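Just so you know, ligand 1 is whichever comes first in the structure, and atom 1 is the first atom listed for that ligand. Note that the coordinates shown come from a computational prediction; the quantities given were computed from them, not determined experimentally.
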Amino acid sequence: MALYSPQTDPKYQRGDAPVADDPTAGVVVSPDTQRDNRVPDGQYRTRKWPVLHATAVPQIDSSTWQLTVDGLVEEPLTFSLEQFRELPRIKVFADFHCVTAWSRLGNLWEGVSLSTLLQRAKVQAAAKFAVVGAYDANWTTNVPLAALLESDVLLADTHDGEPIDADHGGPVRLVVPRLFAWKSAKWVNRITLTADDQPGYWERLGYHDNGDPWLGQRYRDA
Ligand SMILES: Nc1nc2c(c(=O)[nH]1)N[C@H]1C(S)=C(S)[C@@H](COP(=O)(O)O)O[C@H]1N2
Ligand SMILES: [Mo]
């Protein structure tokens, strides 16, 4: 797998990520970053980081923040922010594609591997999907369990070396790099494992159930 480096890789967003002696050390490299063309059909590249959400930025009190993993698991988990920050951490280098057509390449996320958390929760065999909830009430998204278990999926609290601010979903957001960005729940607070697929906010409004940018899965009938 090719090494990436802000100096030598023209695909990298110059100046946007910290430079390490060996930037791949301890970093999970999302496989889509290794494609020759990293921008899917119908997308254009932006070097900015747009802010996008359905309603408004929720007020979150970090002293009462909670993240729950429940549903079809043997051991439901709930974390305070303090407990979340003590979990084992990973870094992920990944691209980010919004269905409104912008793609932000070369993001360095840091946080907690979701597959590690789901292992701790002991997912039941009947679980096939997750409903992901967030602090902007009534907003959810649905993600197939298999997609959440990919090694580049994380609950992130930093982006390019900075804490994720409220606009971008802080204190903690989900990042699912291989699917369109509406699956990357900002202000995440609940991951409920289910047997059946329960379309979320955008999915009910007509967006594709799965949302793979490389398969052009923008709208339901795509
Ligand atoms: N909780 C929540 N998460 C959300 C959204 C939202 O409205 N609520 N919007 C999604 C959409 S459509 C996109 S493109 C990304 C945008 O993330 P950003 O604002 O950090 O760029 O967040 C996603 N996560
Ligand atoms: Mo989006």
Side-chain angles (χ1 to χ4, degrees), residues 13 16-17 30 32 38-62 65-69 81 84 92-111 114 130-144 147-148 152-192 198-220 222:
Q13 298 189 152
D16 274 353
S30 181
D32 289 335
R38 289 165 62 177
V39 181
D41 276 355
Q43 297 289 114
Y44 67 89
R45 181 179 179 185
T46 177
R47 284 177 170 75
K48 297 184 199 128
W49 191 13
V51 169
L52 220 127
H53 39 258
T55 56
V57 177
Q59 292 289 327
I60 299 174
D61 177 349
S62 53
W65 179 92
Q66 278 199 335
L67 175 68
T68 297
V69 179
L81 204 50
F84 177 83
V92 173
F93 179 74
D95 298 340
F96 193 68
H97 309 289
C98 171
V99 70
T100 62
W102 54 267
S103 291
R104 190 182 197 279
L105 306 185
N107 302 277
L108 187 63
W109 305 98
E110 190 176 339
L114 192 59
V131 175
V132 182
Y135 275 98
D136 49 343
N138 302 322
W139 190 94
T140 62
T141 188
N142 52 310
V143 188
L148 287 183
D152 54 357
V153 174
L154 79 163
L155 295 162
D157 58 9
T158 83
H159 173 267
D160 287 357
E162 302 285 339
I164 295 177
D165 63 22
D167 282 352
H168 285 296
V172 178
R173 76 176 298 163
L174 178 64
V175 180
V176 187
R178 300 187 207 190
L179 299 179
F180 273 121
W182 84 77
K183 302 287 188 182
S184 289
K186 309 206 279 193
W187 317 296
V188 61
N189 65 3
R190 186 174 292 271
I191 298 174
T192 303
Q198 299 175 22
Y201 180 92
W202 288 116
E203 293 83 4
R204 287 194 301 272
L205 288 173
Y207 282 99
H208 197 280
D209 208 54
N210 186 57
D212 183 334
W214 296 99
L215 298 177
Q217 293 179 339
R218 295 171 186 276
Y219 307 108
R220 190 181 290 147

Next on the checklist: Pair Trp202, Phe180 - check ring pair (Phe, Tyr, Trp, His ring centres under 6.0 Å), show working.
Outcome noted: CA-CA 11 Å; Trp202 288 116; Phe180 273 121; over 10 Å; no

Next on the checklist: Applying ring pair (Phe, Tyr, Trp, His ring centres under 6.0 Å) to His53 and Trp187, what does each step give before you reach the verdict?
Outcome noted: CA-CA 11 Å; His53 39 258; Trp187 317 296; 5.2 Å; yes

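Within a 6.0 Å sphere centred on CG of Asp41, heavy atoms belonging to other residues, nucleotides or ligands number 12 at most.
Remark: Gln43 CD to Asp95 CG distance equals 11.0 Å, nearest 0.5 Å. In this structure, CG in Asn210 is found 9.0 Å from CG in Asn142, a value given to the nearest 0.5 Å. In this structure, the separation between NE2 on His168 and OG on Ser184 is 13.0 Å, given to the nearest 0.5 Å. Atom OH of Tyr44 is separated from atom OG1 of Thr100 by 6.5 Å, given to the nearest 0.5 angstrom. The line from CH2 of Trp109 to CG of Leu154 is 8.0 Å long, rounded to the nearest 0.5 Å.
Distance from atom 24 (N) of ligand 1 to its nearest protein heavy atom, with residue and atom name: Ser184 O, 3.0 Å. The shortest contact between atom 7 (O) of ligand 1 and any protein heavy atom is with Ala54 N, 2.7 Å. Ranking protein heavy atoms by distance to atom 14 (S) of ligand 1, first place goes to Cys98 SG, 3.2 Å. The protein heavy atom nearest to atom 16 (C) of ligand 1 is Leu52 O, 3.5 Å.
With Ala185, Ala56, Gly169, Ala181 as candidates, the residue nearest to atom 23 (C) of ligand 1 on a non-hydrogen basis is Ala181. Looking at Trp139, Trp187, Trp182 and measuring to atom 4 (C) of ligand 1, the nearest heavy atom belongs to Trp139. The option from Val57, Asp136, Leu174 that lies nearest to atom 1 (N) of ligand 1, judged by heavy atoms, is Asp136. Of the candidates Lys186, His53, His168, Lys48, it is Lys186 that places a heavy atom closest to atom 3 (N) of ligand 1.
Applying the salt bridge (Lys or Arg N to Asp or Glu O under 4.0 Å) test to every pair with at least one member in residues 202-215, sequence neighbours left out, gives these pairs: Lys183-Glu203.
Between Pro50 and ligand 1, at least one N/O pair is under 3.5 Å apart.
Against a heavy-atom cut-off of under 4.0 Å, Val51 is close to the following atoms of ligand 1: 19 (O). Within the listing of ligand 1, atoms 1 (N) sit less than 4.0 angstrom from a heavy atom of Ala134.
Proximity of Trp49 to ligand 1, defined as any heavy-atom pair under 4.0 Å, is confined to the side chain (atoms from C-beta onward). Residue Arg173 touches ligand 1 through its side chain alone, judged by heavy-atom distances below 4.0 Å.
At least one heavy atom of Trp102 sits less than 4.0 Å from an atom of ligand 1. Contact annotation: Lys183 has no heavy atom less than 4.0 Å from any atom of ligand 1.
Between Trp182 and Tyr207, the angle of the ring planes lies from 30° to 60°, which puts this pair in the tilted group.
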